[in-house]
Amino acid sequence: MLKILNVLKITIKNFFRETFTIMYPDKKKEIPQRYRGPLFALPLDEDGELKCIACRLCEQICPSEIITVVPAKEKSKKGKTYPEKFTLELHACLACELCVQVCPTDAIVMLKIPGWAALSHEEMFLTLPKMVEYGKKYESSISTGSALRNMQTPPRREKISVKKEE
């Protein structure tokens, strides 16, 4: 009898507790500030040109070898190189974010899209026009190459000047 009362006590206690579940899609959970989704984008600079300079660092550091960058033979109006082709195969992406971290111009970013799912094989294959379109359409995560490098770089010591005592 005592065991039944203990079980009832726990049940009544939990009945009045605040719930942790959310009735999706009626209510949406707030996305954390540092969230990064499975999609990538190539953002444009303030002049409307690609930030990507086709340096191919992302292609070289990718552990899955799913990024292919083909630099254009001519340079842009600003005199910088740009990619003629840029492809990223999402089906083998580890979402390790190494390509974002290594980019010197913050040209590749991960997007803040929770619950994204591909409905066809073509959607898993990101091309240059698709990635530019995603950059215009969706919000990017706060992670950019320079922001991540600044977070991971240890603070530098200030030089202590020693005055010579005379």
Side-chain angles (χ1 to χ4, degrees), residues 20-159:
F20 293 103
T21 54
I22 293 175
M23 299 304 288
Y24 186 82
D26 297 333
K27 292 183 180 178
K28 292 189 177 178
K29 191 174 181 180
E30 185 177 327
I31 301 171
Q33 186 181 10
R34 295 183 65 181
Y35 177 83
R36 55 190 167 114
L39 273 182
F40 291 87
L42 291 174
L44 304 175
D45 63 6
E46 57 276 350
D47 297 329
E49 286 192 13
L50 273 174
K51 287 183 174 180
C52 182
I53 56 172
C55 64
R56 302 177 68 191
L57 288 174
C58 53
E59 180 182 324
Q60 293 168 7
I61 202 162
C62 181
S64 303
E65 299 178 354
I66 57 169
I67 300 174
T68 305
V69 181
V70 178
K73 292 178 181 164
E74 69 273 0
K75 293 188 176 184
S76 69
K77 293 174 186 173
K78 289 183 175 177
K80 67 178 194 176
T81 56
Y82 64 94
E84 183 179 333
K85 289 183 181 175
F86 193 107
T87 57
L88 194 151
E89 299 171 41
L90 278 180
H91 59 83
C93 181
L94 300 174
C96 63
E97 205 178 41
L98 287 174
C99 55
V100 175
Q101 290 179 26
V102 76
C103 184
T105 58
D106 299 339
I108 185 166
V109 293
M110 295 179 89
L111 298 175
K112 208 172 183 178
I113 307 172
W116 180 84
L119 301 174
S120 65
H121 182 71
E122 289 79 31
E123 290 182 47
M124 299 294 287
F125 191 76
L126 298 181
T127 58
L128 180 64
K130 234 188 247 187
M131 292 176 76
V132 170
E133 178 190 327
Y134 288 158
K136 293 176 183 173
K137 191 174 178 183
Y138 299 113
E139 178 186 3
S140 64
S141 72
I142 63 165
S143 302
T144 60
S146 57
L148 291 170
R149 282 190 299 275
N150 288 339
M151 285 174 27
Q152 296 169 358
T153 304
R156 294 183 179 200
R157 289 185 181 176
E158 293 181 23
K159 290 185 177 178

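Positions are given from 1, in the same order as the sequence printed here.
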Check your understanding: Is a side-chain N or O of Arg56 found less than 3.5 angstrom from the main chain of Pro71, in a donor-acceptor match?
Key -> no
**Study point:** Inter-residue atom distance Phe86.CZ - Thr68.OG1, 0.5 Å rounding
**Key:** 9.0 Å
Revision key, fill the gap. Taken to the nearest 0.5 Å, the spacing of Leu88 CG from Cys58 SG works out to 8.0 Å
**Study point:** Minimum heavy-atom distance between Pro83 and Leu128, given as atom pair plus value
**Key:** O-CD2, 3.7 Å
Practice item. Under the side chain to side chain contact (heavy atoms under 4.5 Å, CB included) rule, collect the residues that match up with Thr153, sequence neighbours excluded. Key: none
Revision key, fill the gap. What one should report as the nearest heavy-atom pair of Lys27 and Ile22 is O-CG2, 3.3 Å
Check your understanding: When rounded to the nearest 0.5 angstrom, what distance separates CG in Leu119 from CE in Met124?
Key -> 11.0 Å
Check your understanding: At their closest point, which heavy atom of Leu94 faces which heavy atom of Pro63, and how far apart are they?
Key -> CD1-CG, 3.8 Å
**Study point:** Neighbour count >12 (heavy atoms, 6.0 Å) for atom CE, Met151
**Key:** yes
Exercise for review: Drop me the distance from Leu90's CG to Ile66's CD1, to the nearest 0.5 angstrom.
Suggested key: 6.5 Å
Practice item. Taking all heavy atoms of Ala95 and all of Arg36, pick out the closest pair and write down the distance. Key: O-NH1, 2.7 Å
Practice item. Report, as yes or no, whether the 6.0 Å neighbourhood of atom NZ on Lys136 holds more than 12 heavy atoms from other residues, nucleotides or ligands. Key: no
Practice item. For the pair Asp45 (side chain) and Asp47 (backbone), establish whether a donor and an acceptor sit closer than 3.5 Å, ignoring hydrogens and angles. Key: yes
Exercise for review: Tell me, yes or no, whether the heavy-atom count around Glu74 atom CD, taken from other residues, nucleotides or ligands under 6.0 Å, exceeds 12.
Suggested key: yes
Review point. Under the side chain to side chain contact (heavy atoms under 4.5 Å, CB included) test, which residues partner Lys28, sequence neighbours left out?
Key: Tyr24
Going by atom type alone, with no hydrogens or angles, which donor-acceptor pairs under 3.5 Å involve a side-chain atom of residues 100-112 and a protein atom two or more places apart or on another chain?
from   : atom 1 : to     : atom 2 : distance (Å)
Thr105 : OG1    : Lys51  : O      : 3.0
Asp106 : OD1    : Gly145 : N      : 3.1
Asp106 : OD1    : Ser146 : N      : 2.8
Asp106 : OD1    : Ser146 : OG     : 3.4
Asp106 : OD2    : Ser146 : OG     : 2.7

Exercise for review: Could you tell me which non-hydrogen atom of Ile67 sits nearest to which non-hydrogen atom of Glu59, and how far apart they are?
Suggested key: O-CG, 3.1 Å
Review point. Quick check: are there more than 12 heavy atoms from other residues, nucleotides or ligands sitting under 6.0 Å from CD of Gln152?
Key: yes
Practice item. Report the C-alpha distance between Thr87 and Leu126 in whole Å, list the side-chain angles of each, state the deciding distance to 0.1 Å, and finish with yes or no for side chain to side chain contact (heavy atoms under 4.5 Å, CB included). Key: CA-CA 6 Å; Thr87 57; Leu126 298 181; over 6 Å; no
Review point. So how far is it from Leu42 CG to Lys130 NZ, rounded to the nearest 0.5 Å?
Key: 13.0 Å
Exercise for review: Hey, could you give me the CD/NE2 distance between Glu123 and His91, rounded to the nearest 0.5 Å?
Suggested key: 13.5 Å
Review point. Between Phe40 and Tyr134, what is the shortest heavy-atom contact and its length?
Key: O-CD1, 3.8 Å
